[in-house]
Amino acid sequence: MPVIVNMVKARAIHMNVIRRVRNKELAKEDINYTKALEAGDTSAQNTVVTKKQVLRDIPATFDLTTGVSTTDQLIAKWPTELPDRE
């Protein structure tokens, strides 16, 4: 008997994994922003602000439905803005 996967729940779980990695990246960018702030480097500050916004937008903009009908396809779907999975 084949295993039936609830893809709605699987997508939600996968997005939570993406959020966890994204949150770690946001914390790293907080450190980079503080360093740029201390150095008075407004260009670096602006770069960090832009990167953080891209990271914040991932849950709203990253599509886990298009071209994804199996769990293998879902697992393979990963935002390019994030480092490889841990």
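Values reported hereafter were calculated over all heavy atoms of this structure, with side chains retained and with hydrogens, waters and symmetry mates removed.
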Chemist: So, for Thr65 and Asp63, which heavy atoms are closest and what is the spacing to 0.1 Å?
Modeler: OG1-OD1, 2.5 Å
Chemist: Do the side-chain N and O atoms of Gln45 and Asp41 include a donor-acceptor pair separated by under 3.5 angstrom?
Modeler: no
Chemist: Within the structure provided, determine whether Pro83 and Val21 are in side-chain contact (heavy-atom separation under 4.5 Å).
Modeler: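 A side-chain contact exists here, since the closest heavy-atom pair is under 4.5 Å.
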Chemist: Do you know which two heavy atoms are closest between Leu74 and Arg11, and how far apart they sit?
Modeler: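 Scanning both residues, the minimum pair turns out to be CD2-N, 3.7 Å.
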Chemist: Say whether Ile18 and Leu26 are linked into one hydrophobic cluster, either directly or through other cluster members, by side-chain heavy-atom distances under 4.5 angstrom.
Modeler: yes
Chemist: Do you know which two heavy atoms are closest between Trp78 and Phe62, and how far apart they sit?
Modeler: C-CZ, 3.5 Å
Chemist: Is the shortest distance from a Lys or Arg side-chain nitrogen in Glu29 or Lys51 to a carboxylate oxygen in the other one below 4.0 Å?
Modeler: yes
Chemist: Side-chain donor-acceptor pair under 3.5 Å between Ser43 and Asn46, yes or no?
Modeler: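 Note: Ser43 and Asn46 side chains miss the donor-acceptor criterion.
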Chemist: Can you confirm whether Pro79 sits close enough to Arg22 that some side-chain heavy atom of one is under 4.5 Å from a side-chain heavy atom of the other?
Modeler: no
Chemist: Just to verify, what does Val54 make a side-chain contact (heavy atoms from CB on, under 4.5 Å) with, not counting sequence neighbours?
Modeler: Glu81
Chemist: Got a salt bridge between Glu38 and Lys35, using NZ or NE/NH1/NH2 to carboxylate O under 4.0 Å?
Modeler: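 Answer for the salt bridge query: no.
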Chemist: Check whether Val48 and Leu37 end up in the same hydrophobic cluster, where Ile, Leu, Val, Met, Phe, Trp and Tyr are linked by side-chain heavy atoms less than 4.5 Å apart.
Modeler: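 As far as the 4.5 Å side-chain criterion goes, Leu37 and Val48 are connected within one cluster.
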Chemist: Do Val17 and Arg20 make a side-chain contact, defined as non-hydrogen atoms from C-beta onward lying under 4.5 Å apart?
Modeler: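 The answer is yes, as the side chains (C-beta and beyond) meet within the 4.5 Å cut-off.
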Chemist: Do Arg19 and Ile58 make a side-chain contact, defined as non-hydrogen atoms from C-beta onward lying under 4.5 Å apart?
Modeler: no
Chemist: Compare all side-chain heavy atoms of Leu55 with those of Leu82 and state whether any distance is below 4.5 angstrom.
Modeler: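 The answer is yes, as the side chains (C-beta and beyond) meet within the 4.5 Å cut-off.
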Chemist: Heavy atoms only: give me the nearest Met15-Leu64 pair and the separation to one decimal.
Modeler: CE-CD1, 3.7 Å
Chemist: Taking Thr66's backbone N and O only, do any of them form a donor-acceptor pair with Lys77's side chain (distance below 3.5 Å, no angle check)?
Modeler: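 Between the backbone of Thr66 and the side chain of Lys77 there is a qualifying donor-acceptor contact (under 3.5 Å).
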Chemist: Decide side-chain contact (heavy atoms from CB on, under 4.5 Å) for Thr70 and Gln73; before the verdict, give the C-alpha distance in whole Å, the side-chain angles of both, and the deciding distance to 0.1 Å.
Modeler: CA-CA 5 Å; Thr70 68; Gln73 291 171 332; 3.2 Å; yes
